[in-house]
Amino acid sequence: MTTEATARTVPYKEKKPFDYDPYLRQGKLPHIWCAGCGHGIVLKSLLRAIDALGWKNDDISMVSGIGCSSRTPGYVDFNTMHTLHGRAFAFATGVKFANPKLNVIVTTGDGDALAIGGNHFIHAARRNMDMTILVYNNYIYGMTSGQGSPTMPEGAVSTTSRFGSIEPPFDTCELAKTAGATFVARGTAFHAQELEKTLYEALKHKGTSVVDILDSCPTYYGRFNKHKNVSEMMKSIEKDGTISVAQAAKLPPEKTEGKIVRGILHRAERLEYCDGYQNLLDRVQNK
Ligand code: SF4
């Protein structure tokens, strides 16, 4: 088993060419994702980040709720759980508590994490239990045919906002940071190599890591919002205003207005929940 100390200090090293086979359950393929869906890109970046850390499959537990992104654990040869809508954080908490040595990863969508699971999300962030949460954020419920999610931009069209949404969206990263997550970052399915490095840092972090990943759902969000094709939709993730943390640092505040910043946005150290619980046990039992 890879020890926790070793895993957290391995330097990042990109591997080329990369063999995905040892990480995949071949019998579960082909996957159910639509052509042009960004979820496969996210999975690819995640597997490469895991490989760079040298983590073994048996040392990883991947937990999901319900939705297209929540099908991810079915395709990977880890200890996996496909659970209830919005409840992945509760199951992941149980897994980590039962075996703190496992590297726990939650794959969730914007609706699963921030609507149905919104309450669980903020408390997972508050507790700072060591887990990495990937929010596949495509602004819409893909699996149930395109209802608007809490991250959908104002004016966007969905089956529940036929004439454009009039609700302001949640900023996943601000929410995670405010709720107490000790590592908060944003990536996109368009910037796949950058995402790989961001996920590498998120996985290494001890505590609750949240990575908001701007992703694509061409089948519903793309069609409803008049994206011409998949590649135009993917390019729009960049064109519509994402900039890196490094780019943002060089610009005056008025030039970053309305831009979505990618990269590591917040990193802090705070007592991890399982360690805190162990401290409590030691204190109580040694009374
Ligand atoms: Fe991806 Fe959307 Fe298809 Fe779901 S419905 S697999 S999110 S493109």
Sequence-distant partners of His266, ring pair (Phe, Tyr, Trp, His ring centres under 6.0 Å), two or more places apart: none
The ring pair (Phe, Tyr, Trp, His ring centres under 6.0 Å) partners of Phe89 (sequence neighbours excluded) come to Phe121
Sub-4.5 Å side-chain heavy-atom contact between [X] and [Y]:
X      : Y      : result
Ile32  : Met143 : yes
Met234 : Ile41  : yes
Thr132 : Val106 : no
Leu199 : Glu196 : no
Tyr273 : Asp130 : no
Leu203 : Asn103 : no
Arg223 : Pro218 : no
Ile140 : Ser149 : no

Residue pair [X] / [Y], side-chain donor-acceptor N/O under 3.5 Å:
X      : Y      : value
Arg186 : Thr198 : no
Asn137 : Asp215 : no
Arg262 : Thr242 : yes

Using atom types as modelled and distance alone, determine if a side-chain donor or acceptor of [X] lies under 3.5 Å from a backbone N or O of [Y].
X      : Y      : answer
Trp33  : Cys68  : yes
His82  : Ile66  : no
Ser165 : Ser161 : no
Asn57  : Asp77  : yes
Thr83  : Ser64  : yes
Thr208 : Ala124 : yes
Asn79  : Ile60  : yes
Thr182 : Gly207 : no
His227 : Asn229 : no
Asn138 : Tyr221 : no

Could you check whether the rings of Phe18 and Tyr23 sit parallel, tilted or perpendicular, using 30° and 60° as the cut-offs? parallel
Any Lys/Arg nitrogen of Lys206 or Asp275 sitting under 4.0 Å from an Asp/Glu carboxylate oxygen of the other? yes
Going by an N to O cut-off under 4.0 Å, is there a salt bridge joining Arg267 and Glu201? yes
Please determine whether the number of non-hydrogen atoms from other residues, nucleotides or ligands lying under 6.0 Å from atom [atom1] of [X] exceeds 12.
X      : atom1 : value
Leu280 : CG    : yes
Glu154 : CD    : yes
Glu232 : CD    : yes
Glu257 : CD    : no
Phe190 : CZ    : yes

Taking the six-membered ring for Trp and the single ring otherwise, decide whether the centroids of Phe78 and Trp55 are under 6.0 Å apart. no
Is it the case that the ring center of Phe97 lies less than 6.0 angstrom away from the ring center of Tyr277? yes
Can you tell me how far [atom2] of [Y] sits from [atom1] of [X], rounded to the nearest 0.5 angstrom?
X      : Y      : atom1 : atom2 : value
Leu84  : His120 : CG    : NE2   : 9.5 Å
Lys44  : Leu195 : NZ    : CG    : 11.0 Å
Met131 : Lys96  : CE    : NZ    : 8.0 Å

Apply side chain to side chain contact (heavy atoms under 4.5 Å, CB included) to the pair Leu134 and Ile105, showing each step before the final yes or no. CA-CA 8 Å; Leu134 277 66; Ile105 300 168; 4.1 Å; yes
Would Lys101 and Asp59 satisfy salt bridge (charged side-chain N to carboxylate O under 4.0 Å, His left out), going step by step from the backbone distance to the final call? CA-CA 8 Å; Lys101 285 200 162 62; Asp59 300 344; over 6 Å; no
Check which hydrophobic residues are tied to Ile243 through side-chain heavy-atom contacts below 4.5 Å, counting indirect links as well, and list them. Val245, Leu251, Val261, Leu265
Please determine whether residues Met81 and Ile116 belong to a single hydrophobic cluster, defined as Ile, Leu, Val, Met, Phe, Trp and Tyr linked transitively by side-chain heavy-atom distances below 4.5 Å. no
Joint hydrophobic cluster, Leu214 plus Met233, side-chain heavy atoms closer than 4.5 Å: yes
Quick one, Tyr220 with Tyr141, criterion ring-ring contact (aromatic ring centres under 6.0 Å, His included). Give me CA distance, side-chain angles, the key distance, then yes/no. CA-CA 8 Å; Tyr220 291 108; Tyr141 289 84; over 10 Å; no
Could you walk me through whether Val76 and Arg25 pass side chain to side chain contact (heavy atoms under 4.5 Å, CB included), step by step? CA-CA 5 Å; Val76 291; Arg25 289 182 178 139; 5.6 Å; no
Side chain to side chain contact (heavy atoms under 4.5 Å, CB included) between Leu114 and Thr172, intermediate numbers included: CA-CA 8 Å; Leu114 303 177; Thr172 314; 3.5 Å; yes
Before giving the answer on side chain to side chain contact (heavy atoms under 4.5 Å, CB included), spell out for Ser158 and Gln147 the whole-Å C-alpha distance, their side-chain angles and the decisive distance to 0.1 Å. CA-CA 5 Å; Ser158 68; Gln147 296 83 1; 5.6 Å; no
Stepwise, does the side chain to side chain donor-acceptor pair (under 3.5 Å) test hold for Tyr136 with Thr72? CA-CA 11 Å; Tyr136 295 51; Thr72 306; 3.1 Å; yes
